[in-house]
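Input: a single structure, listed below in structure tokens.
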Amino acid sequence: MSQRNTYGQTLVDMGAVDKRIVVLEADLSKSTMGTLFEAAYPERFFEMGIAEANMASTAAGLSITGKIPFMASFSVFSSGRCYDQIRTSVCIPALNVKICGSSAGLSDYGDGSTHQSIDDIAIMRVLPNMQVFTPADSAETGRILKYMAETEGPMYIRLNRNPLPDVTEGQEFEPGLVYTLRDGREAAVFACGVMVSIALEAAELLEKEGVSLRVINVPSVKPLTAESVYAAAEGAKCILTAEEHSVMGGMGSAIMEVLCANRPCRVRRLGVEDKFGSSAEGYAPLLAAYGLTAEAVAEAVREEMRCVQ
Amino acid sequence: MAEPIQIQRIAEKSRKMRHHIVDMIGCEDGKVGHLGGSSSICDVVAALYFYKMKTHPDNPQNHHRDYFLLSKGHAALVQYAALAELGYFPLEELRRVKTLGSILQGHPDRTKTPGVEANTGSLGMGLSIGLGIALGLKLDKKENMVYVVIGDGELAEGQIWEAAMAAASFKSDNLVAIVDRNRIQATGAIADRMDIGDVKYKWEAFGWRVLEIDGHNIREICEALDSEREQEKPTMILANTVKGKYISFAENNAAFHNGGLSREQYEQAHSEIDSYMEVVK
């Protein structure tokens, strides 16, 4: 199941119980899967047309009347196109608007750079009053959406376009916390989104070489609880972060801010190296072109291990 | 239909609001304020708050209230003046406008000022927010109205047209936009800076019912607000106004879009407001 299908279905399930939930889309509901809500509750579904700025401020207005609006588009558009609207209409007054950045990162591999967000985590987390979530799989997406609907305040959730392996089975979600999915003694990688399953693959590769890599899932980039991060990093000889996002300003930077505020610390950030995306014939080749593979993560760990030797 | 005594009352309130606006700007060195654009829409705002809208100063969150949004948020002083006169907060708060810790910020802030529904100031967003409120009201089958004041310079913002298009598409007949057509923006005449062309025609083309009025004729303002709504169409009231109205040195003067007053100008403004305000043309 893909995260975006979970988005559509979870909205329908939640919307059945909480009539305050309304959904706004900008002509991409067949992709974001907001279309499922349209079919179920057409009177609470608002097709806003290709007008993201209006969509965001209209969502603010709906929240003023007590509704719980979920607005979605491709993450480049739902975070970037209406940035001032999110800042001013939503975040300054801390209104209860939920923003979905769908097909985030490089996951829309065919459409190319204009449709690939490598900056959305950065620009969303720097807004006061905004919370930023980066689920690793479908189940986590469902848990976070539930939290979003039940808790007041502006929130942004970043979803991959493509099916992802299930990696968070049996887990809970609490905003701020990071979750160690695989223990490891030597190196630790904080990962989010698709990079979680990729980091787990890297850990398998490294185990064969006698290197144990701890893999920590970061589903909540903001808030980010310092104690949770310290505990997860405890004892690791080298620390890395991995995200399908620029190495500047995203989850890796957030983790680094927390760790380095505590003590001088070397952190190797893996991600998109300050470049825009591009088209590819498939998701795997695109990730490979941008160095976001299990082998690339493993190689980075090996390099870091050599550094600390 | 507004009775002469009601029109008289609105005019009286408008005059008081104009005095408050001048006082909030004051004449201290370095203090500036949006005199021009607050003065131009003052009669409309007075008619809304003291005649047309259902207001609840004792309970700003009252479910039956009408909603007022100042999309041209820089004219915050005119809204603060109205809210103070209605008793949403004590009059002496006006003396603390734009100071540290004040409940009256430089642009409307719903988290700090009782009676303010949304944060505006970044132009072009208020109509969208008003649309969202109008849509929410309709979902709940409520009869409350939403009034949004927009600047004519603000019409250059694309988002205004996104909202205009959407409001007509959603048949939001509980939404009324008022355009403060004072024809001057911060850096000069709109016709010279970015000509917005035929405003009435454009809004009609976007599917709105448009009424054009003299924005300083209180009877015309009330008649427009009272006029029968066209079913399934939002309404735009195009108010022809004068930037800096009733203050001779500020009238039609872009310098007073956001400017300071000397002591002489401050006193002159107060005395001119009293001398020149007419009740009904």
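Here is how names work: the chains are called A, B, and so on, in the same order as the sequence lines, proteins then strands, and each is numbered from 1. Since the model is a prediction, treat every value here as computed from it, not as a measurement.
Looking at A:V90, there are no atoms closer than 4.5 Å to chain B (heavy atoms on both sides), in backbone or side chain.
The choice from A:A60, A:A51, A:P93 that makes the most heavy-atom pairs within less than 4.5 Å of chain B is A:P93.
Annotation: A:I50, atom CD1; neighbour count of heavy atoms from other residues, nucleotides and ligands within 6.0 Å does not exceed 12. More than 12 heavy-atom neighbours from other residues, nucleotides or ligands sit within 6.0 angstrom of CE on A:M1.
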Between chain B and chain A, which donor-acceptor pairs sit under 3.5 Å apart?
| unit_1 | atom_1 | unit_2 | atom_2 | d |
| --- | --- | --- | --- | --- |
| A:A53 | O | B:Q159 | NE2 | 3.2 |
| A:N54 | N | B:E162 | OE1 | 2.9 |
| A:N54 | OD1 | B:S128 | OG | 2.6 |
| A:S57 | OG | B:Q159 | NE2 | 3.0 |
| A:T58 | OG1 | B:S128 | O | 3.4 |
| A:K67 | NZ | B:D140 | OD1 | 2.6 |
| A:K67 | NZ | B:D140 | OD2 | 3.2 |
| A:D84 | OD2 | B:S122 | OG | 2.5 |
| A:Q85 | NE2 | B:Q159 | OE1 | 2.7 |

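Atom CG of B:L139 sits about 4.5 Å away from atom CZ of A:F46, to the nearest 0.5 Å. The distance from atom CD1 of B:I129 to atom CG of A:L95, rounded to the nearest 0.5 Å, is 8.0 Å.
Among all heavy-atom pairs drawn from A:L62 and B:G136, the shortest one is CD2-N, 3.6 Å.
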